[in-house]
Amino acid sequence: MSEVRVRFAPSPTGALHIGGGHTALFNWLWARHNKGKFILRIEDTDLVRSTKEYESTIMSGMVWLGLDWDEGPDIGGNFGPYRQSERLEIYRDYAEKLVEAGKAYRDGEAIIFRVEPGQDISFKDIVYGQIDVMSDGLREKDSDKLKDIVIIKSDGMPTYNYAVVIDDHLMKISHVIRGEDHISNTPKQILIYRALGWEVPEFAHLPMILGRDKKKLSKRHGATSIYEYRDMGYMPDSMFNFLALLGWSAGDDKEIFTRDEAAELFELSRVTRKAAVFDFDKLNYINQEHLKALPPEVRLSMVKPFWIEAGLPVEEVESTRGVKYLEDALTLMAGRGRTAKEMAEFSDYFVSFEPVKERWNAEAVDREKLRPFFEMIFAHEAWKASELEEIARSWIGQHEGAKMKDYAMPLRFALTGMKVSPGIFEVAELMGREECRRRLEFFGLL
RNA sequence: GGUCCCAUCGUCCAGAGGCCUAGGACACAGCCCUUUCAAGGCUGCGACGCGGGUUCGAAUCCCGCUGGGACCGCCA
């Protein structure tokens, strides 16, 4: 079998959105699975809406997702140029040939491909199977007239259905993997392949991604750009994992995986046909699992920006207490928090005492009752979670009617300002005796 | 209006004629652990859209219906 060459061909008219990311991802998966090539081609033939800014935004979105390409406008390759606006002569030459062959004609400044009736333009799709279409079905809207296909616009630019055929052929694309919304374009493209005497590539259409209301994902469903997810605290590994699961599964129960594992297992033939709903709950879960599995230093790098965004003195703490302190703090957070942003919010007290003061004022506590307990705690030699807990328990055992939660909760509030946190003695150990003393004294509990 | 596609728990996926009184995950509910839950453990709720065939046997194959969706641009 010849080399697998696939491409992602976005038009730079907006940021990389969920649907585009999904398509790019599946192309990448297929290329990597087959040790083939993943090509990035920019379809910037819409002069009005295309911009260079969007082009680079899309590229950095792909980089963020971990989708690296082997040929593209930035890195070149043997089949360039990879920007359609730089391939105009190519499109014109072939259009000219079609005109000479009588398969296309001029109308105004444009060149139009003639659609002949009675032609079978069916094709076999790797995902959807046999799709039967006759050229007679290519009608104009609300009319029974056959619709010819514009291939060169009056402004001299090629149209999508035409340029895609020229490029896919010249770039030796083996599999055209794209959204299901292109199924009805495929027969038109097949007509052009035939007119040029070219062999058609394999086609694999991917199910659409829908919003919760089962309508095509759009702005009104909230975040649609990949970057918005990054800013919400979702990690690239999770987005990758989540997107890969929309319309595909390895067939077993494994749902949390890395890029390499997915590439290893991926099969186009296992792609689903049914449109999939984008489910935030599942994304949250997957992100949480990845967040849990991260090495401490990487987890810190994910959470850090959100601490900084919240105005916390992260750099300062790193230099005074050391980076390891913050890494340990996040390790202690275990699976608490579904996004890096949530984890940052839930753990701010490790970075600074300020937010604790804002959240709690020790108003409702009985200081006289609590002080002996805290004094006892601080009198203990070793500042170790297991020992602190042990002496706390024995102290409580010796005091009639005393309950652990009546002491542990005030401690939790004084140290974290939260009603929820990791085991409070472990928090105390990590924070250190002096910092704990400072916080308790501030609240008059010591 | 025309062409095409789709149809299993609320959601994402298993299921490729008997392994299915349909499996897993998320979500949800309840219980447990416990100094708290946003961590951990356990249990539960919950689906083959409907109607016809084919077959000894259908979630799986065929037809119809219904319900969704995509496309029908000198946008991609």
Side-chain angles (χ1 to χ4, degrees), chain A residues 9-14 43-46 48-50 84 107-112 125 127-129 131-134 136-144 147 149-164 178-188 205 207-208 210 212 214-216 242 245-256 270 272-286 288 292 332-338 342-343 345-347 389 392-393 396 403-413 416 418-425:
Chain A
S11 70
T13 54
E43 309 214 327
D44 55 350
T45 55
D46 183 335
V48 182
R49 297 192 299 147
S50 300
Q84 291 190 327
D107 181 49
E109 298 294 301
I111 298 179
I112 322 282
D125 188 278
V127 174
Y128 285 87
I131 295 190
D132 293 314
V133 188
M134 293 298 289
D136 308 62
L138 302 182
R139 297 270 165 68
E140 282 188 50
K141 201 171 185 176
D142 298 319
S143 155
D144 54 1
K147 177 106 173 123
I149 302 166
V150 175
I151 57 176
I152 300 287
K153 300 184 259 182
S154 304
D155 65 2
M157 301 300 272
T159 57
Y160 166 75
N161 278 127
Y162 170 65
V164 75
R178 69 218 327 183
E180 182 226 41
D181 47 342
H182 284 293
I183 284 186
S184 46
N185 281 324
T186 308
K188 297 177 197 168
H205 288 88
M208 301 270 83
L210 278 22
R212 263 211 167 297
K214 302 215 171 190
K215 299 272 188 256
K216 190 174 175 181
F242 174 69
L245 246 19
L246 252 28
W248 174 76
S249 83
D252 55 17
D253 292 335
K254 191 173 170 61
E255 292 196 303
I256 303 298
R270 287 196 58 84
T272 298
R273 281 168 286 276
K274 196 179 74 167
V277 173
F278 186 99
D279 181 18
F280 263 95
D281 288 326
K282 190 71 171 253
L283 206 212
N284 283 332
Y285 161 75
I286 289 174
Q288 187 165 29
K292 258 194 261 186
L332 206 54
M333 291 299 289
R336 282 167 238 264
R338 298 169 299 184
E342 249 185 25
M343 185 175 268
E345 286 165 5
F346 292 167
S347 62
E389 180 173 347
R393 282 190 192 290
I396 280 159
K403 287 191 188 121
M404 180 63 113
K405 74 169 171 190
D406 294 329
Y407 297 88
M409 283 313 284
L411 177 59
R412 171 168 285 113
F413 276 114
T416 71
M418 306 261 197
K419 67 176 192 295
V420 178
S421 83
I424 198 58
F425 296 110

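A, B, ... follow the sequence lines: proteins, then strands. Residue 1 opens every chain. The structure presented is a predicted model; accordingly, all values stated were derived computationally and were not measured.
Between the A/Asp44 side chain and the A/Gln84 main chain, a donor and an acceptor come within less than 3.5 Å of each other. With A/Glu109 contributing its side chain and A/Gly156 its backbone, the two residues share no donor-acceptor pair below 3.5 Å. Although no hydrogens or angles enter the test, the distance criterion places a donor-acceptor pair under 3.5 Å between the side chain of A/Tyr128 and the main chain of A/Arg273.
A/Lys153 has a side-chain polar atom (N or O) that falls below the 4.0 Å cut-off from OP1 or OP2 of B/rC75. OP1 and OP2 of B/rA70 both lie 4.0 Å or more from every side-chain N or O belonging to A/Lys215. Put simply, A/Thr159 has no side-chain N or O that comes within less than 4.0 Å of OP1 or OP2 on B/rA76. Between B/rU34 and A/Arg393, no contact under 4.0 Å exists linking OP1 or OP2 to a side-chain N or O. In this model, the phosphate group of B/rC71 is not approached by any side-chain N or O of A/Thr186 to a distance below 4.0 Å at OP1 or OP2. Between A/Lys274 and the phosphate of B/rC48, there is no side-chain N or O to OP1/OP2 separation shorter than 4.0 Å.
Toward the 5' end of RNA chain B, the nearer of the two residues A/Leu210 and A/Asp46, judged by each one's closest nucleotide, is A/Leu210. For A/Met418 and A/Ala408, each mapped to the nucleotide of RNA chain B holding its nearest heavy atom, the one lying further toward the 5' end belongs to A/Ala408.
Residues A/Asp281 and A/Arg212 are paired through a salt bridge, judged by an N-O separation under 4.0 Å between the basic side chain and the carboxylate.
For the C1' atoms, the distance from B/rG41 to B/rU60 is 37 Å, rounded to whole Å. Taking atom C1' in both B/rA59 and B/rU21, the straight-line distance is 14 Å, to the nearest Å. For the C1' atoms, the distance from B/rG68 to B/rG73 is 25 Å, rounded to whole Å. With both ends at atom P, the span from B/rA38 to B/rG23 equals 29 Å, rounded to whole Å. Look at the P atom in both B/rC42 and B/rG52: the space between them is 43 Å, to the nearest Å. When the C1' atom is compared between B/rG46 and B/rU3, the two are found 38 Å apart, to the nearest whole Å.
Atom CE in A/Met343 sits 9.5 Å away from atom CZ in A/Arg336 (nearest 0.5 Å). The OG atom of A/Ser184 sits 8.5 Å away from the NE2 atom of A/His205 when rounded to the nearest 0.5 Å.
No hydrogens or angles were tested; on distance alone, a donor-acceptor pair under 3.5 Å links the side chain of A/Arg412 to the base of B/rU35. Checked by distance alone, A/Ser154 brings a side-chain donor or acceptor within 3.5 Å of a matching partner on the base of B/rC74. No donor-acceptor contact under 3.5 Å links the side chain of A/Arg273 to the base of B/rC5.
The distance from atom NZ of A/Lys188 to atom C1' of B/rA76 is 12 Å, rounded to the nearest whole Å. Atom-to-atom, NZ of A/Lys216 to C1' of B/rA76 comes out at 10 Å; the value is rounded to the nearest Å.
Residue A/Glu180 has its side chain nearest to B/rA70 when only B/rU3, B/rA70, B/rC74 are considered. With distances taken from any side-chain atom of A/Phe425 to the nucleotides B/rA76, B/rU35, B/rA14, the minimum falls on B/rU35. Nearest nucleotide to the A/Asp279 side chain, out of B/rC4, B/rC26, B/rC75: B/rC26. Comparing B/rU35, B/rC4, B/rC26 by their closest approach to the side chain of A/Tyr285 singles out B/rC26.
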